[in-house]
Amino acid sequence: MKRGLRLVIIFTVMATVLCGCSLGNTSELLSLPDPSPEHAALLSAVESQTRQGWEFASPLNGENRSTMQSVDFYSDGIPETVVFLRKPNEMRLRMAVYAKTGSQGYRLAFSVDCSGNQFDMADFADLNGDGNTEIVVGLRSGSSALMSISVYTVENDTVRSVFDTSYTAAALSDMTRNGIKELLVVNYADRAFARLYSFGRADCSAALLGEAPLSPNMSKPGELILGMFNERTAGAVVEGSYVEHGSTVYISDYLAYTENGLENLSYSEFFGYSYTTVRNENVVSCDINFDSYLEFPIVTPEPNGGTAGKYISWYRYDSRGDLSFLCASYGSTADSWYFLYPESWRGRVYTRHSADGDGGELTEFVYDHQGSSCVLLSVYLYPHLTDAEVASGGGTRTFITDKAGNLVYALIGAPSLQIPSEMLVRSYGDVKRSLAAVNSYGEAFLAAR
């Protein structure tokens, strides 16, 4: 952008000199556009706060990190604007909520004052089904890892606190599948546990739906991943890690709401933690095969000692809470792409990794048969190659671009030996449905999409 701006200015000056014209006030060329009248009216309304020493702030975590956020508190189609403010020297925080007046004006409808020096997170949802939106806000105080989370209900521009507790991480999710979100709170204060709360229709009072133990002694606990475990069970995965003998160990807790209340499906009472999810690789739960359900990973050694990347077995919880194997995948060491193994390859195919002479990387999927190594599939990664350049080489190939803009493409092998038919990759359509790349947002997508 800076280079483009310099060129614009240079060409403008040259044209002015050649035409014998005066350039005038150059600051006008570089000034930002004026805000819209509506936004200017909002800033003017907020100015009454900033004149009192309040400064803009924003939540550090979660999906809602903007300083100003639009929220329709009364479901009337006319959203209010929540402005996050703080007075850091006084350990005071404020959420000022502005409502529209007329076509462009704003007034202060209500505000929520809190103690702390930072907003950790903020979320907004109808938690009791009455049509009004509640406020869920997490607050930090100093450098303490322990934080507080509060819930406020709003009615007729009057705000009322209905819930407050300490927490390490939290999220809103409809884990009971009743159409209304609950509050899931993770806490590693005195002991490691998770609690699920619902809120009453009449007075929005909190009710504890269940408590479940978590794996203790996490040095980095609390990252929450929400999703469906299967067609009937909404769940949450608590990802954490700790250091043992100088190495980082990763562990996951799988929470679900069942007929017994909130349960940690992976927790072992005997071991006192979720020992089945312990791993040495930083691979987290995700929808690995694009079926809309969360799977959890176990990194295992490759067949024949292959070490080119990450060979991962993926498992899923069924509606009874039982664990079963789903599929296996190979992931690049840079986590920029992965390939879902055909079922027949499991435990039989390994990988070889090498550098390509043109600056790229080559990964070969190999099957040993009758004393020979047969290459079933080759995946290339090139940092400076376009799909058009690859296509010019001839042949039908599968293209996909990863998070860094590198080109990933696959070639089906043609083994000279007569190997079992179930081991062969039959078509590029099969490859496209199994080869995935990761974009800059950490989201995976198939070559077939």
Side-chain angles (χ1 to χ4, degrees), residues 173 223-241 250-256 265-266 274 276-303 306-319 321-351 363 365 376-377 379 381 398 400-404 406 408 410 425 429-449:
S173 177
E223 180 185 356
L224 288 174
I225 300 174
L226 305 177
M228 297 295 295
F229 288 170
N230 50 67
E231 67 278 2
R232 295 177 53 188
T233 309
V237 185
V238 184
E239 298 285 4
S241 64
Y250 301 91
I251 192 168
S252 304
D253 289 298
Y254 286 78
L255 302 173
L265 302 179
S266 55
S274 296
T276 57
T277 70
V278 173
R279 55 199 182 275
N280 294 319
E281 294 281 353
N282 186 16
V283 183
V284 299
S285 303
C286 66
D287 178 12
I288 190 67
N289 64 340
F290 305 92
D291 62 356
S292 300
Y293 302 129
L294 285 176
E295 289 84 36
F296 89 78
I298 295 181
V299 181
T300 55
E302 278 196 80
T307 57
K310 297 174 183 175
Y311 181 79
I312 305 169
S313 297
W314 295 90
Y315 294 80
R316 176 188 295 163
Y317 283 100
D318 62 23
S319 58
D322 296 329
L323 198 61
S324 60
F325 172 82
L326 178 68
C327 64
S329 71
Y330 167 87
S332 67
T333 52
D335 292 326
S336 63
W337 63 270
Y338 64 85
F339 184 75
L340 297 173
Y341 271 41
E343 178 61 27
S344 59
W345 284 18
R346 185 185 176 197
R348 305 166 75 182
V349 173
Y350 60 98
T351 55
T363 301
F365 293 83
L376 305 178
L377 185 72
V379 176
L381 182 146
T398 298
I400 194 167
T401 304
D402 73 358
K403 59 186 175 183
N406 301 318
V408 180
V425 180
D430 291 338
V431 176
K432 288 182 178 180
R433 288 185 289 271
S434 300
L435 180 64
V438 180
N439 63 20
S440 57
Y441 298 100
E443 302 166 334
F445 57 96
L446 285 171
R449 294 189 174 184

Visitor: A side-chain contact here means heavy atoms from C-beta on lying under 4.5 Å apart; do Tyr350 and Tyr330 qualify?
Guide: no
Visitor: Do you see a donor-acceptor pair shorter than 3.5 Å between the side chains of Ser285 and Tyr254?
Guide: yes
Visitor: What's the spacing between Ser313 OG and Glu295 CD if we round to 0.5 Å?
Guide: 12.5 Å
Visitor: Quiz question: by atom type and distance under 3.5 Å, do the side chains of Ser274 and Ser266 form a donor-acceptor pair?
Guide: yes
Visitor: Under the side-chain contact (heavy atoms from CB on, under 4.5 Å) rule, collect the residues that match up with Glu231, sequence neighbours excluded.
Guide: Tyr293
Visitor: Mind checking side chain to side chain donor-acceptor pair (under 3.5 Å) for Trp314 and listing every partner two or more places apart, or none if nothing turns up?
Guide: Ser329
Visitor: Quick one: CG on Asn289 to CG on Leu326, what's the gap to the nearest 0.5 Å?
Guide: 5.0 Å
Visitor: Under the rule for side-chain contact (heavy atoms from CB on, under 4.5 Å), what residues qualify as partners of Val278, not counting sequence neighbours?
Guide: Tyr242, Val249, Ile251, Tyr273
Visitor: Ignoring hydrogens, what is the shortest heavy-atom contact between Tyr315 and Ile298? Give both atom names and the distance.
Guide: CE1-CD1, 3.8 Å
Visitor: Tell me, with the steps shown, if Leu224 and Val238 meet side-chain contact (heavy atoms from CB on, under 4.5 Å).
Guide: CA-CA 5 Å; Leu224 288 174; Val238 184; 3.5 Å; yes
Visitor: Could you please spell out the steps behind the side-chain contact (heavy atoms from CB on, under 4.5 Å) verdict for Ser336 and Leu381?
Guide: CA-CA 9 Å; Ser336 63; Leu381 182 146; 3.5 Å; yes
Visitor: My understanding is that only residues two or more places apart in sequence, or in another chain, count here; which of them pass ring pair (Phe, Tyr, Trp, His ring centres under 6.0 Å) with Tyr341?
Guide: Tyr311, Trp345, Phe365
Visitor: According to the salt bridge (charged side-chain N to carboxylate O under 4.0 Å, His left out) rule, which pairs have a member within residues 276-286, sequence neighbours left out?
Guide: Glu239-Arg279, Glu281-Lys310
Visitor: Apply side-chain contact (heavy atoms from CB on, under 4.5 Å) to Thr233 and list each qualifying residue two or more places apart in sequence or on a separate chain.
Guide: Phe229, Asn230, Ala256
Visitor: What residues, two or more places apart in sequence or in another chain, satisfy salt bridge (Lys or Arg N to Asp or Glu O under 4.0 Å) together with Asp430?
Guide: Arg433
Visitor: Looking only at heavy atoms, what is the nearest atom pair of Cys327 and Leu340, with distance?
Guide: SG-CD2, 4.2 Å
Visitor: For Phe339 and Leu377, run side-chain contact (heavy atoms from CB on, under 4.5 Å): C-alpha distance rounded to whole Å, both residues' side-chain angles, the deciding distance at 0.1 Å, then the answer.
Guide: CA-CA 10 Å; Phe339 184 75; Leu377 185 72; 3.7 Å; yes
Visitor: Do you know the tightest heavy-atom contact between Phe290 and Asp287?
Guide: N-OD1, 3.0 Å
Visitor: Atom CD1 of Ile288 and atom CG of Leu294: how far apart are they, to the nearest 0.5 Å?
Guide: 11.0 Å
Visitor: Going by side chain to side chain donor-acceptor pair (under 3.5 Å), name the residues that satisfy it together with Asp318, two or more places apart in sequence or in a different chain.
Guide: Arg320
Visitor: Rounded to the nearest 0.5 Å, what separates atom CG in Leu226 from atom CG in Leu255?
Guide: 10.0 Å
Visitor: Before you tell me yes or no, could you show the steps for Val425 and Val431 under side-chain contact (heavy atoms from CB on, under 4.5 Å), namely the whole-Å CA-CA distance, both residues' side-chain angles and the distance that decides it to 0.1 Å?
Guide: CA-CA 8 Å; Val425 180; Val431 176; 3.6 Å; yes
